[in-house]
Amino acid sequence: MTQAKNERQTGLNTRRIVVGGVLGAIAIVLAVTRLGFIPVPNLTGNATIMHIPAIIGAVLEGPLVGTLAGGIFGIYSLLYSGSPLFANPLISVAPRLLIGVASWLAYRSLVKVNQDLAAVVAGVVGTLTNTVLVVGAILLFAQLPAGTGAGAFVLSLVPQALAELVIAAIVTPLVVRAVNLVRSGRTTASERGSRDDSSF
């Protein structure tokens, strides 16, 4: 019984595949239109919100959806970023696969305390997962921009990291609350139990 419930909570079904694909597509649209970039004063010149769809997918639909959306974001970075930093899939793709898992674990650990707090923490944890793992991979594979030391490179990313943390902490709970309100408003009492059983 418990095993079957766990499979319903974390397994992929058609809805989750579609949601993951849509959220991944949103990340790509944010990149193509440049709406996903916020100017900040550092080496990269931009903070990004393209990881947020992966966080939201994990919170709303579970870790596999977050992983799928994060993977789409990572593959896009690998193929189209134009930066030599992201030519290595261990830098551009692998860290993004873990955004959803970390966000889901953070959300699940706090959702029984407070749903909004859980979503805020999920946004922060997902953002830190993206930033720390990408920067760590860049340092590990010595892919620093020419003439930049490791310390200077990390310090230069602080404005970007702070901007991404704040944005994720604001956007994630707003979107999660809105989606949950829409779902509850469109679901009958008999359907609600079924949807809740399959959500996480």
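These numbers were taken from a predicted model, which means no experiment stands behind them.
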*asked:* So, taking the atom named CG in Leu79 and the one named CZ in Phe86, what distance separates them when rounded to the nearest 0.5 Å?
replied: 13.0 Å
*Do the side chains of Val22 and Met50 join up, straight or via other hydrophobic residues, at under 4.5 Å, putting them in one cluster?*
yes
*Verify the cluster assignment for Leu85 and Phe141: are they in a single hydrophobic cluster under the rule of side-chain heavy atoms below 4.5 Å apart?*
yes
*Nearest heavy-atom pair of Ile91 and Ala137: which atoms, and what distance?*
CG1-CB, 3.7 Å
*Would a 4.5 Å heavy-atom cut-off, applied to side chains only, mark Gln115 and Asn180 as touching?*
yes
*Are Tyr76 and Val32 close enough, and set up right, to give a side chain to side chain contact (heavy atoms under 4.5 Å, CB included), and what steps lead you there?*
CA-CA 10 Å; Tyr76 180 86; Val32 171; 3.4 Å; yes
_Hydrophobic cluster membership, with links at side-chain heavy-atom distances under 4.5 Å among I/L/V/M/F/W/Y: are Ile56 and Val19 in one?_
yes
*Would you check if Val120 and Thr172 make a side-chain contact, meaning some heavy-atom pair closer than 4.5 Å?*
no
*Are Ile26 and Ile52 in one and the same hydrophobic cluster, where Ile, Leu, Val, Met, Phe, Trp and Tyr link if side-chain heavy atoms are under 4.5 Å apart?*
yes
*How far does CG of Leu105 sit from OG1 of Thr129, to the nearest 0.5 angstrom?*
9.5 Å
*Got Thr131 and Leu157 here, is their nearest side-chain heavy-atom distance under 4.5 Å?*
no
*So which heavy atom on Gly62 is nearest to which on Trp104, and how close?*
CA-CD1, 3.7 Å
*From Leu35 atom CG to Ile49 atom CD1, the distance as rounded to the nearest 0.5 Å*: 7.5 Å
*Taking all atoms of both residues into account, what is the closest heavy-atom pair of Ala168 and Pro173, and its distance?*
O-CD, 4.0 Å
*For residues Pro159 and Ser156, report the shortest heavy-atom separation together with the two atoms involved.*
CD-O, 3.4 Å
*asked:* So, taking the atom named CG in Leu78 and the one named CZ in Phe73, what distance separates them when rounded to the nearest 0.5 Å?
replied: 12.0 Å
*Is the closest side-chain heavy-atom distance between Val134 and Arg96 below 4.5 Å?*
yes
*Hey, any chance Val166 and Val158 share a hydrophobic cluster, counting ILVMFWY side chains that come within less than 4.5 Å of each other, even indirectly?*
no
*Which distance, rounded to the nearest 0.5 Å, do you find between the CG of Leu128 and the CG of Leu165?*
4.5 Å
_Contact check, side chains of Val65 and Leu60, non-hydrogen atoms, under 4.5 Å_ = no
_Between Ser103 (side chain only) and Ile55 (backbone N and O only), is there a donor and an acceptor less than 3.5 Å apart?_
no
*So, for Ala102 and Val125, which heavy atoms are closest and what is the spacing to 0.1 Å?*
O-CG1, 3.6 Å
*Looking only at heavy atoms, which two atoms of Leu139 and Ala150 are closest? And how far apart?*
CD2-CB, 3.9 Å
*To the nearest 0.5 angstrom, please state how far the CG atom of Leu98 sits from the CG atom of Asn130.*
10.0 Å
